[in-house]
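Here's the structure we're looking at; comments come further down.
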Amino acid sequence: MFKKLQSKWAVSPLQLVLVLITFAVGGSLSGVIARAIMSQFNISSKLIYLPLYLFVVTLAWPICVLSVSIFTGQFSFFRKYLVKLGVKFRLISPIRAIDPSGTVNIAVFASGAGSNAQKIIDHFRHHPTIKVALIVCNKPQAGVLTIAGNENIPALLIEKETFFRGNAYVPQLQDFDISFIVLAGFLWKIPDALIKAFPNAIINIHPALLPKFGGKGMYGMNVHQAVIEAREKESGITIHYVNNHYDEGEVIFQATCSIDDTDTAETLAAKIHQLEHQNFPAVIENLLKQR
Ligand code: GAR
């Protein structure tokens, strides 16, 4: 059990002891304080006393634990721990759960070559407050994993069962203090659990002008092929929030490019990639600044 806790919290054996001491002392202290506060009121009914007592303990507990952690040298651990609890119980929006240095940590989800992921990484490489902290990928052979390796960015390879029917990797994202998710060519639908854990904090880039050419099966070359076959005169990119329906979240940004008679799905794909690379990183930065 101790080994499990040690790896879950990523702490050394000594730190684990200090953390457990902090939990024990902080917990007892909050009980003492709650009893002292309750004694100020003359409540005889147990039915009222007990829930009220539990309420006061719950309020006192984080303050006590944080205070004790200063003496045990574990303040930074408990600050992070309480922020995670706050996000879990929806008391804090993930976007505000920034890490202690004040940095907004982004996770980039991608399934393919990762040219957009590379541009985003390049853009934020020296940024003072925004950092690409994690690459999330569902394909072991995807180019984006090589990019993550070259850039020394941790990568999380995910599998269907946990993503769609398990915890959707929310705890792992919280471990990396992720507060914003960018889908850059990620081809799986985002499950409800993830959308709920990151409300208004997941965006996607789509290689066409939504609402046209969106929905299930509409990704990458399929989109460009459909646009060419429909003899459209222009196409473009759409950056939008992610909700429970494919490509239907609120639009944040669109940019267009013209289609010539000589264009094929391949040449259109190249034009669209150029538009994406030019605009996506800057749109992400503006969005995070506004928040
Ligand atoms: C991008 O064109 C992106 O718009 C598209 O996948 C490509 C990924 O390229 N996304 C979708 O089609 C989502 N429906 P990249 O791996 O080179 O960044």
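Start at 1 with the first residue, then count along the sequence. As the structure is a computational prediction, the values presented were derived from the model and not from experiment.
- Criterion: ILVMFWY side-chain heavy atoms under 4.5 Å apart, direct or through other members. Under it, L287 and V108 are part of a common hydrophobic cluster.
- Between I272 and C257, the closest heavy-atom pair is CD1-SG, 3.9 Å.
- Side-chain contact check for N105 and S179: no donor-acceptor pair (N or O, by modelled atom type) lies under 3.5 Å.
- With contacts defined as side-chain heavy-atom distances shorter than 4.5 Å, the pair N204/I202 does not qualify.
- Between N243 and E248, some side-chain heavy-atom pair lies under the 4.5 Å cut-off.
- Grouping the Ile, Leu, Val, Met, Phe, Trp and Tyr side chains by contacts below 4.5 angstrom, directly or via other members, places M1 with V19.
- Here the shortest heavy-atom pairing between A269 and H224 reads CB-CD2, 3.6 Å.
- Q6 and Q15 form no side-chain donor-acceptor contact under 3.5 Å, judged by distance and modelled atom types alone.
- Contact of the K80 side chain with the D177 side chain is registered, since non-hydrogen atoms from C-beta on lie closer than 4.5 Å.
- Using a 4.5 Å heavy-atom cutoff, the side chains of D260 and K271 are in contact.
- Every residue meeting the side-chain contact (heavy atoms from CB on, under 4.5 Å) condition with E285, not counting sequence neighbours, appears here in chain and number order: H123, F124, H127, I130, K289.
- Minimum interatomic distance between G215 and D247 (heavy atoms only, all atoms of both residues): N-OD2, 2.8 Å.
- Within the structure, the ring-ring contact (aromatic ring centres under 6.0 Å, His included) test picks out the following pairs touching residues 15-39 (sequence neighbours left out): W9-F23, F23-F78, F23-Y81.
- Taking the side chain to side chain donor-acceptor pair (under 3.5 Å) definition, one finds that S69 meets it with nothing, sequence neighbours left out.
- Scored by the ring pair (Phe, Tyr, Trp, His ring centres under 6.0 Å) test, H273 finds H277 as partners (sequence neighbours excluded).
- Other members of the cluster containing L47 do not exist, because no ILVMFWY side chain is joined to it at under 4.5 Å.
- In this structure E234 satisfies the side-chain contact (heavy atoms from CB on, under 4.5 Å) test together with L209, T256, sequence neighbours excluded.
- Annotation: the span from Q74 atom CD to L18 atom CG amounts to 5.0 Å, rounded to 0.5 Å.
- When the side chains of ILVMFWY residues are joined at heavy-atom separations under 4.5 Å, either directly or via intervening members, I252 and Y246 end up in two distinct hydrophobic clusters.
- Around the OH atom of Y219, the shell of radius 6.0 Å holds no more than 12 heavy atoms that belong to other residues, nucleotides or ligands.
- Remark: K233 pairs with D261 by the side-chain contact (heavy atoms from CB on, under 4.5 Å) rule, at least two apart or across chains.
- Residues I284 and F180 have side chains in contact (heavy-atom distance under 4.5 Å, counting atoms from C-beta outward).
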Give the intermediate values and the outcome of side-chain contact (heavy atoms from CB on, under 4.5 Å) for residues H206 and V223. CA-CA 9 Å; H206 185 77; V223 178; 4.1 Å; yes
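- Side-chain contact between S235 and L268: present, with at least one pair of heavy atoms (C-beta onward) separated by less than 4.5 Å.
- Other residues, nucleotides and ligands contribute only 12 or fewer heavy atoms inside 6.0 Å of the CZ atom of F71.
- One hydrophobic cluster holds both Y49 and L52 under the rule that ILVMFWY side chains link at heavy-atom gaps under 4.5 Å.
- Every side-chain contact (heavy atoms from CB on, under 4.5 Å) that F164 has, sequence neighbours left out, goes to K160, W188, P191.
- Side-chain contact between I178 and Y169 is absent, with no heavy-atom pair separated by less than 4.5 Å.
- In this structure, F253 has no ring pair (Phe, Tyr, Trp, His ring centres under 6.0 Å) partners at least two apart in sequence or on a different chain.
- Between the CD1 atom in I43 and the CG atom in L50 there is a gap of 11.0 Å [rounded to 0.5 Å].
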Run the side-chain contact (heavy atoms from CB on, under 4.5 Å) check on L183 and I203 step by step: do they pass? CA-CA 6 Å; L183 310 185; I203 64 167; over 6 Å; no
Under 3.5 Å, which donor-acceptor pairs do the side chains of residues 25-34 form with other protein atoms, sequence neighbours left out?
from	atom 1	to	atom 2	distance (Å)
S28	OG	A24	O	2.8
S30	OG	G26	O	3.4
S30	OG	G27	O	2.7

Begin with the C-alpha distance, continue with both residues' side-chain angles, and end with the deciding distance and a verdict on side-chain contact (heavy atoms from CB on, under 4.5 Å) for L20 and L16. CA-CA 6 Å; L20 293 176; L16 181 66; 4.1 Å; yes
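- Partners of F280 by ring pair (Phe, Tyr, Trp, His ring centres under 6.0 Å), not counting sequence neighbours: none found.
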Does the pair T129 and T103 meet the rule for a side-chain contact (heavy atoms from CB on, under 4.5 Å), with working shown? CA-CA 4 Å; T129 56; T103 303; 5.7 Å; no
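- Using a 4.5 Å heavy-atom threshold, the side chains of F213 and E232 count as touching.
- The two atoms that bring A168 and A193 nearest to each other are CB-CB, 3.9 Å, heavy atoms only.
- Rounded to the nearest 0.5 Å, atoms NZ (K189) and CG (L194) are 11.5 Å apart.
- In this structure, N116 CG and E276 CD are separated by 4.5 Å, a value rounded to the nearest 0.5 Å.
- Between K119 and D122, none of the side-chain N atoms (NZ, or NE/NH1/NH2) sits under 4.0 Å from a carboxylate O, so this pair counts as no salt bridge.
- Minimum heavy-atom separation, A155 to L145: CB-CD2, 3.8 Å.
- Residues satisfying the ring pair (Phe, Tyr, Trp, His ring centres under 6.0 Å) test with Y53, not counting sequence neighbours, are none.
- A donor atom on one side chain and an acceptor atom on the other are found under 3.5 Å apart for T72 and T22.
- In this structure, L85 is not a member of the same hydrophobic cluster as L54, with clusters built from ILVMFWY side-chain heavy atoms closer than 4.5 Å.
- Put simply, CZ on R231 and CD1 on I259 are 11.5 Å apart, with the number rounded to the nearest 0.5 Å.
- When all heavy atoms of L210 and T238 are compared, the closest pair comes out as N-OG1, 3.0 Å.
- The distance from the NE2 atom of H240 to the CD atom of Q254 is 9.5 Å, given to the nearest 0.5 Å.
- Judged purely by distance below 3.5 Å, without hydrogens or angles, the side chains of E159 and T162 pair a donor atom with an acceptor atom.
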